[in-house]
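For reference, the structure discussed in these notes is given below.
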Amino acid sequence: MRPLTTPVSFSMPFDFSKMPMRFASIGSCFSEKIVELLHHAGIECASNPNGIVYNPSSIGKSVRHVVKNLPYEEDTFFHHNGLYHSLEHHGAFSEKELEAVKNAAEKIRLQFREFLKAPCPVALTFGTAVVFREKKTNRIVANCHKVPGTAFQRELMTVSDCVESISGAVKALSEFGNHPVILTVSPVRHHPGDPVLNSRSKAILIEACHETVEKFPEHCAYFPAYELLHDELRDYRFYAEDMVHPSAAAEEFILETFVKHCYGSKAEEILEQGWKNIKQSRHVPGGLR
């Protein structure tokens with residue numbers, strides 16, 4: 001019988017089972033899925049000091065602020081629609097009081113920095129190469145917070161732009177401590193209304209990740225989350241009802257593949273414990289599997 005899928009063949013140069021059981025991630029919502037599973041398996045985790053972020057520029061800046069111990073500038077924060085926001089943070093940080101936003105941003109930045117003082121792998125998960133540049137400051141922002149689009153210029157980052165941001169993040173993390181970096185591109189369709197733009201964006205991210213790995217092969221590796229969904233699974237039944245996000249079965253497959261390739265002899269124990277605790281936490285009769 002002919003195989004029903006196209007297996008994605010790859011290997012990982014790191015064995016996280018030989019490191020302290022700690023893990024950090026920065027990036028899109030897919031990075032939080034990795035952390036959720038590992039956390040429920042009893043691994044000490046930290047994720048997204050800026051909340052969910054998607055583009056390489058903003059992820060690179062997040063890393064730089066943590067590693068270089070750089071507080072956020074005053075003009076990062078602004079008032080809109082009754083709340084104070086940060087251009088470098090997710091809306092989860094937004095508050096009615098300016099000091100509350102600033103204090104939360106600083107507190108979590110310092111907590112993440114403290115976490116990175118001990119060895120741990122770090123996953124950087126990129127969702128899109130499409131960015132929004134604030135016209136008055138000429139800087140790329142992590143979140144527009146529903147400010148009118150006329151305040152921003154939408155752009156598509158180039159491969160070289162992405163490589164610069166990603167390489168800077170990998171270099172900073174490797175200099176800060178023992179932090180092998182896993183680069184991955186989120187399998188979520190970030191621009192479902194424009195498949196051509198989505199494909200261009202993902203292609204740019206994938207190429208930039210590979211070029212970064214070629215520059216720093218001893219410090220980072222590429223995990224093919226995007227390829228596992230779109231090539232190995234390659235079927236609409238592996239998408240959620242919105243036809244944008246992976247289904248629960250697809251998420252499980254990708255996450256299990258990640259753990260098996262990165263945690264070696266400890267993989268089965270991590271998966272068994274992680275899925276068991278996730279089922280209990282969600283109170284799903286019969287579990288997810």
Side-chain angles (χ1 to χ4, degrees), residues 10-53 56 58-70 105-126 165-186 209 212-213 215-225 254-275 277-278:
F10 68 99
S11 61
M12 302 297 288
F14 308 120
D15 184 354
F16 298 157
S17 67
K18 298 177 181 178
M19 297 185 67
M21 289 290 97
R22 308 172 75 254
F23 190 89
S25 71
I26 300 177
S28 72
C29 50
F30 180 69
S31 69
E32 296 196 335
K33 294 292 183 181
I34 299 173
V35 164
E36 180 186 24
L37 175 59
L38 297 181
H39 169 73
H40 278 91
I43 295 175
E44 187 180 4
C45 295
S47 73
N48 285 345
N50 295 57
I52 296 172
V53 287
S58 296
I59 291 172
K61 282 191 281 188
S62 178
V63 170
R64 186 166 65 253
H65 277 276
V66 169
V67 171
K68 303 297 183 182
N69 201 17
L70 302 173
E106 185 67 0
K107 177 182 177 180
I108 296 177
R109 183 187 70 81
L110 291 174
Q111 287 177 343
F112 201 86
R113 177 180 170 80
E114 191 66 26
F115 188 89
L116 291 183
K117 288 182 178 180
C120 67
V122 180
L124 301 180
T125 302
F126 307 99
S165 293
I166 299 171
S167 295
V170 171
K171 187 172 185 292
L173 287 165
S174 64
E175 290 175 348
F176 192 66
N178 180 13
H179 300 305
V181 179
I182 302 301
L183 306 176
T184 190
V185 174
S186 170
C209 286
T212 302
V213 171
K215 289 179 65 175
F216 302 105
E218 69 278 16
H219 296 304
C220 64
Y222 179 74
F223 175 72
I254 296 169
L255 293 172
E256 289 190 2
T257 302
F258 178 85
V259 172
K260 289 176 181 177
H261 277 76
C262 293
Y263 282 93
S265 60
K266 295 185 178 179
E268 291 302 324
E269 176 186 345
I270 289 171
L271 290 170
E272 180 179 359
Q273 190 65 38
W275 289 130
N277 288 336
I278 285 177

Shortest non-hydrogen separation from [X] to [Y] and the atoms involved:
| X | Y | answer |
| --- | --- | --- |
| P180 | M19 | CG-SD, 3.7 Å |
| S62 | I26 | OG-CG2, 4.1 Å |
| W275 | L255 | CH2-CD1, 4.1 Å |
| V213 | C220 | CA-SG, 3.6 Å |
| L70 | H65 | O-ND1, 2.6 Å |
| F112 | A24 | CZ-CB, 3.9 Å |

**Q.** Trace of the side-chain contact (heavy atoms from CB on, under 4.5 Å) decision for Y222 with T212
**A.** CA-CA 9 Å; Y222 179 74; T212 302; over 6 Å; no
Separation of [Y] [atom2] from [X] [atom1] (nearest 0.5 Å):
| X | Y | atom1 | atom2 | value |
| --- | --- | --- | --- | --- |
| F126 | S165 | CZ | OG | 8.5 Å |
| L183 | H219 | CG | NE2 | 12.5 Å |
| Q273 | I278 | CD | CD1 | 10.5 Å |

Taking the side chain as every heavy atom from C-beta outward, state whether Y263 and M12 have any pair of such atoms under 4.5 Å apart.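 Side-chain contact under 4.5 Å: no.
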R109 and N50: side-chain donor and acceptor closer than 3.5 Å?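 Side-chain D/A pair, R109 to N50: absent.
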Should the heavy atoms of other residues, nucleotides or ligands under 6.0 Å from CD of E269 be counted, would the total exceed 12?
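For E269, atom CD is not crowded (no more than 12 foreign heavy atoms under 6.0 Å).
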(Q) For E272, I'd like to know if atom CD has over 12 heavy atoms of other residues, nucleotides or ligands within 6.0 Å. (A)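 No - once you tally the heavy atoms of other residues, nucleotides and ligands closer than 6.0 Å, there are 12 at most.
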Exercise. Measure up the F258 and F16 rings against each other and bin them: parallel (under 30°), tilted (30 to 60°), perpendicular (over 60°).
Key: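 Ring orientation of F258 relative to F16: tilted.
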Table please: side-chain donor-acceptor pairs of residues 29-39 below 3.5 Å, with sequence neighbours left out.
unit_1	atom_1	unit_2	atom_2	d
S31	OG	S28	O	2.6
E32	OE2	N48	ND2	3.2
E36	OE1	R282	NH2	3.1
E36	OE2	R282	NH2	2.8

Note to self: For H261 and F223: C-alpha separation, side-chain torsions, deciding distance, then whether ring pair (Phe, Tyr, Trp, His ring centres under 6.0 Å) applies.
What the structure shows: CA-CA 9 Å; H261 277 76; F223 175 72; 7.2 Å; no
Identify all side-chain donor-acceptor contacts of residues 166-179 below 3.5 Å with residues at least two apart in sequence or on another chain.
unit_1	atom_1	unit_2	atom_2	d
S167	OG	V163	O	2.8
S167	OG	K215	NZ	3.4
K171	NZ	E175	OE2	2.6
S174	OG	V170	O	3.2
S174	OG	K171	O	2.9
H179	ND1	C120	O	3.0
H179	NE2	L116	O	2.7

Worksheet item: R22 side chain to P119 main-chain N or O, any donor-acceptor pair under 3.5 Å?
Response: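 Pair found, side chain donor or acceptor close to backbone of P119.
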